[in-house]
Amino acid sequence: MRGERVDHDHRTGFVRGFLCNWCNGRVDHCLHVDGCAYARYLTAPPAAALKIRYPNRGRRPRPPALNADERRALRAEIAAQEESSG
């Protein structure tokens, strides 16, 4: 469809639905839990029940983002490895 994009969750790879170009570029930046159209869409994506994976065209899927505690632990692990090798 012209002017629409297949929207998908970059972490899981599952298709969520069709969005216009404008909304597709902004939906992932919504920080609301409820109270806005993006939050409602993200909470109950129209295509979720279909369990369709978005084709990544040979690219490796992105790993999920690390939270603050995981980033701290990873930095500590890297620092420990550098100390032991140096």
Side-chain angles (χ1 to χ4, degrees):
M1 294 181 174
R2 187 174 178 181
E4 292 186 355
R5 298 279 187 237
V6 175
D7 175 53
H8 67 286
D9 185 324
H10 291 266
R11 290 178 292 133
T12 66
F14 285 113
V15 171
R16 295 186 286 216
F18 280 111
L19 291 175
C20 71
N21 292 333
W22 176 265
C23 290
N24 191 46
R26 285 151 187 80
V27 69
D28 287 322
H29 301 288
C30 175
L31 301 177
H32 302 110
V33 176
D34 59 16
C36 79
Y38 292 146
R40 285 190 298 276
Y41 174 83
L42 292 170
T43 301
L50 300 175
K51 302 279 188 207
I52 298 171
R53 288 228 179 242
Y54 186 80
N56 65 4
R57 298 190 177 105
R59 294 178 294 203
R60 294 185 325 172
R62 290 183 192 172
L66 301 176
N67 65 35
D69 291 334
E70 291 168 328
R71 286 193 304 270
R72 264 188 236 103
L74 183 58
R75 282 195 297 262
E77 183 180 328
I78 291 169
Q81 288 175 357
E82 288 175 351
E83 284 180 18
S84 67
S85 67

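In this chain, residues are counted from 1 in sequence order.
Note: D69 CG to R72 CZ = 5.0 Å, rounded to the nearest 0.5 Å. The OH atom of Y41 sits 9.5 Å away from atom SG of C23, with the distance rounded to the nearest 0.5 Å.
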Please list every donor-acceptor pair under 3.5 Å in which a side-chain atom of residues 13-22 meets a protein atom from a residue at least two apart or in another chain.
{"from": "R16", "atom 1": "NE", "to": "D7", "atom 2": "OD2", "distance (Å)": "2.7"}
{"from": "R16", "atom 1": "NH1", "to": "D28", "atom 2": "OD1", "distance (Å)": "3.4"}
{"from": "R16", "atom 1": "NH2", "to": "D7", "atom 2": "OD1", "distance (Å)": "3.1"}
{"from": "R16", "atom 1": "NH2", "to": "D7", "atom 2": "OD2", "distance (Å)": "3.3"}
{"from": "R16", "atom 1": "NH2", "to": "H8", "atom 2": "O", "distance (Å)": "3.2"}
{"from": "R16", "atom 1": "NH2", "to": "D28", "atom 2": "OD1", "distance (Å)": "2.7"}
{"from": "N21", "atom 1": "OD1", "to": "R5", "atom 2": "NE", "distance (Å)": "3.2"}

Verdict with reasoning, Y38 to R26, per side chain to side chain contact (heavy atoms under 4.5 Å, CB included): CA-CA 9 Å; Y38 292 146; R26 285 151 187 80; 3.7 Å; yes
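Looking only at distances, a side-chain donor or acceptor of R53 sits under 3.5 Å from a matching main-chain atom of T12.
The shortest side-chain heavy-atom distance between D34 and T43 does not fall under the 4.5 Å cut-off.
Taking each heavy atom of H32 and A39 in turn, the nearest pair found is O-CB, 3.6 Å. For the residue pair L42 and C30, the shortest heavy atom distance occurs at CD1-CB, 4.2 Å.
Sorted by first and then second residue, the salt bridge (Lys or Arg N to Asp or Glu O under 4.0 Å) pairs involving residues 42-52 (not counting sequence neighbours) form an empty list.
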